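Please read all numbers here as calculations on a predicted model, not as lab measurements. Both ligands and their constituent atoms are indexed starting at 1 by order of listing.
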Amino acid sequence: MELIGHVKNYEWGKLGDESYVARIAAANQTDGTFVVDANKPYAELWMGTHCSGPSLVKQSGLELGSVIRPQEQPTYLFKVLSIQKALSIQLHPNKMEATALHAKFPDIYKDPNHKPELAIALTEFKAMCGFRRYTDIYSQLQNWPELQALLGADEIAKTNVPEDEENYEVREVMRNLYSSLMNLEPEQLEKCISSMHNKILAKPEKSSLDQLFLELHNDFGSDVGLLSIYFLNVLDLQPGQSIYLAANVPHAYIRGDCVECMSCSDNVVRAGLTPKFKDIETLLRLVEVKSASPESLMCEPIVKDPKRQPYTRTYCPNDPWLLEFSVSMLTVPPGVNDYPITNGINGSILLVTAGKGTLRGNVKNITVQFGSIVFLSSEAGAELQLWRNSEDLNEEFVAYLAMQREKV
Ligand SMILES: [Zn+2]
């Protein structure tokens with residue numbers, strides 16, 4: 001059945017037609033009820049049954065959750081994001097921590113669930129995540145006497161170790177450095193950032209990190225999150241590349257459009273680039289300070305069935321705790337008129353981002369194109385066919401398919 005996604009107009013979203021979310025939403029609601037306002041931010045499109053933004057069945061207007069069977073209720077929330085201004089630096093607790101935090105502070109941690117996230121770039125996508133290699137952090141900090149004075153040059157020097165010498169003690173020194181950073185007094189922060197800002201402005205040639213500093217400074221002023229760019233990896237993803245954010249890994253989406261899938265939870269511990277509440281104590285206790293190379297944070301998709309489904313790549317994060325979802329990207333090239341699509345045991349949600357075709361299964365055929373969102377119920381069958389007319393064949397067909405993860 002066809003769905004209408006729920007649009008969120010958070011202020012960090014891209015404006016008007018610049019936003020992928022707006023373009024998808026406008027194409028989805030072909031009856032003209034969705035009009036894109038050039039001055040309005042369109043940040044997120046939600047596909048699923050989350051109570052803060054449930055998807056509606058196109059034909060009836062009913063909420064998706066009310067018309068599907070209990071076992072078909074998605075264990076995940078599927079989204080499109082269009083980001084103009086960075087989101088807060090954050091991490092998500094694991095299940096055990098989430099349960100404890102929810103019991104203790106139900107107003108802040110509203111549910112007992114973990115929130116692993118997978119983001120697949122739709123356009124060039126910039127994100128910050130995971131601690132850099134320690135030698136890299138060390139060399140970044142050498143450029144800034146302001147930070148050395150505040151954090152202690154001797155302490156910083158202790159962390160200058162290669163990956164194979166990074167042990168528990170060194171990580172605790174790093175945790176303490178990060179802790180000192182997060183606990184700086186507002187005046188110290190203001191002075192430090194203003195001095196760094198002036199130096200960067202005066203540089204005749206600015207590095208990409210300098211540019212990022214200036215952009216974030218412009219949007220957030222003297223926010224402590226600004227200094228995280230020297231501690232965390234900054235990744236530039238190309239369309240199709242993805243990152244997986246396991247529990248406790250600090251991250252922030254900075255700019256671009258992506259498809260995102262996550263388990264249903266609202267548990268966020270914030271660490272900067274936000275005026276919202278920062279639970280520093282919990283953050284410093286949970287934050288994963290183990291260094292990670294940018295490559296190790298990326299999730300390489302695999303072709304599970306190269307013979308029958310050579311154009312289906314599945315993102316399978318290597319995380320035993322992730323049970324709620326997996327996402328596949330289908331890129332069916334021009335000229336292929338018949339292609340099998342595997343459905344989840346408990347159904348799946350399909351989002352089409354290019355091309356046109358007809359879905360044939362055990363239920364009524366559905367014509368899909370850019371902007372179509374379809375819930376494939378288990379009744380539709382374990383496998384559906386994407387069938388394309390001769391006039392649809394000169395285009396590539398691209399879609400993203402989210403479903404509950406098979407037991408591994
Ligand atoms: Zn997150």
### Query
Is Gln90 close enough to the Zn ion (ligand 1) to have an N, O or S atom under 2.8 Å?
yes
Output a table of donor-acceptor pairs, distance under 3.5 Å, between side-chain atoms of residues 359-366 and any protein atom two or more places apart or on a different chain; print 'none' if there are none.
none

### Query
Any Lys/Arg nitrogen of Glu163 or Arg133 sitting under 4.0 Å from an Asp/Glu carboxylate oxygen of the other?
yes
#### Entry: Ring centre gap for Tyr178 and Phe131 strictly below 6.0 Å
yes
### Task
Provide the atom name of the closest N, O or S atom of Glu117 relative to the Zn ion (ligand 1).
OE1
### Summary
Looking at His251, the N, O or S atom sitting nearest the Zn ion (ligand 1) is NE2
### Partner set under side-chain hydrogen bond (donor to acceptor under 3.5 Å, both in side chains) for Glu146, not counting sequence neighbours
Ser195, Lys199
